[in-house]
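Notes follow once the structure below has been shown.
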Amino acid sequence: MRGKGAAGLACLLLAALLTGCRGQAGTPVGDARPTPATTSGYGAEFLAVGGCSSFGTTSFTEVPCTSERAAARVVARYDGVAADGPSCPATTDFVLHISARAATGDEDGDGAVAQGYACMRDLEPPHPGDPGGGGGPRTIPGDCVYASGAGQVRETPCDGSGGHRPQYRITRATAERDDCPASTVLYVELGGSRPVGCARRV
């Protein structure tokens, strides 16, 4: 994780762009790619719900949603660590993790930035978080996966536009394996109240 230091503070300023899913067959988990961010003074809270961020190859910055630099909108914002907090909405495209930052370390000194995470949705398609889109921090019904190794699967676009051909499609989320249809050949752990993804061959 790359960080941006402020005098006397070990301030890590943002974080991880979660794309793709991988894990044991039936247990996809997010791939983290660190990306730093800087505050810009827009809004009362850094990356509040409805706020927007720019997108770059080296950093994210909060910008007005009317800016030509705006690339993604915050659809949900939670305090704390993502692993311990609520899940992002199902069609979230990526997640930004925000490390705590003291008011004295803020660019303009107008307030502290609390540790948390922002669930982001791109302003324009394609949307990797949509069912079958091939990415996003969550695996949901409609998504496709391929076998990436012994007992492992990864998400890939259902339309075949990714680097790997889809082999299975998750057709339903259920509470128990026994609730899956007879055509199910792979069980994918989704989390939440319906943690079992029922997948069939494509």
>> Ignoring hydrogens, what is the shortest heavy-atom contact between Cys65 and Ala70? Give both atom names and the distance.
In response: O-CB, 3.7 Å
> CZ/Arg69 to OG/Ser54 distance, rounded to the nearest 0.5 angstrom?
Replying inline: 4.5 Å
>> Restricting to salt bridge (Lys or Arg N to Asp or Glu O under 4.0 Å), what partner residues turn up for Arg169, sequence neighbours left out?
In response: none
> Are the side chains of Val81 and Gln115 in touch, meaning some heavy atoms are under 4.5 Å apart?
Replying inline: yes
> Below 4.5 Å, heavy atoms only, C-beta onward: do Phe46 and Glu62 meet side chain to side chain?
Replying inline: yes
>> Contact between Leu190 and Arg138 at the side-chain level, heavy atoms closer than 4.5 Å - yes or no?
In response: no
>> Among residues at least two apart in sequence or on other chains, which ones pass side chain to side chain contact (heavy atoms under 4.5 Å, CB included) with Arg77?
In response: Glu45, Leu47, Val49, Val74, Asp79, Ile98, Ala118
> What are the two closest non-hydrogen atoms of Pro137 and Val95, and how far apart are they?
Replying inline: CG-CG2, 3.6 Å
>> Tell me every residue that passes side chain to side chain contact (heavy atoms under 4.5 Å, CB included) with Ser161, counting only those two or more places apart in sequence or in another chain.
In response: Pro157, Asp159
>> List the residues meeting side chain to side chain contact (heavy atoms under 4.5 Å, CB included) with Pro89, not counting sequence neighbours, and say none if there are none.
In response: Val75, Ala76, Thr92, Cys119
> Are any of the side-chain heavy atoms of Cys180 and Arg172 separated by less than 4.5 Å?
Replying inline: no
>> Show me the pairs that pass salt bridge (charged side-chain N to carboxylate O under 4.0 Å, His left out) and involve residues 120-133, at least two apart or across chains.
In response: Asp93-Arg121, Arg121-Asp130
> Would you call the rings of Tyr117 and Tyr78 parallel, tilted or perpendicular if under 30° counts as parallel and over 60° as perpendicular?
Replying inline: tilted
> Residues in side chain to side chain contact (heavy atoms under 4.5 Å, CB included) with Thr171, at least two apart?
Replying inline: Pro181, Cys198, Arg200
> Looking only at heavy atoms, which two atoms of Pro131 and Thr91 are closest? And how far apart?
Replying inline: CD-CG2, 4.2 Å
>> Just verifying a value: how many Å separate Tyr146 OH and Glu155 CD, rounded to the nearest 0.5 Å?
In response: 10.5 Å
>> I'd like to know if the side chain of Tyr168 pairs up with that of Arg201 as donor and acceptor (distance under 3.5 Å, no hydrogens or angles considered).
In response: yes
> Sub-3.5 Å donor-acceptor pair from the side chain of Thr184 to the main-chain atoms of Leu186, do we have one?
Replying inline: no
>> Looking at Glu189 and Gly197, would you say the former's side chain and the latter's main chain have a donor-acceptor pair under 3.5 Å?
In response: no
>> Do Val185 and Val153 land in one hydrophobic cluster if side-chain heavy atoms of ILVMFWY residues count as linked below 4.5 Å?
In response: yes
>> Treating Arg73 as the side-chain partner and Gly50 as the backbone partner, does any N or O pair qualify as donor plus acceptor under 3.5 Å?
In response: yes
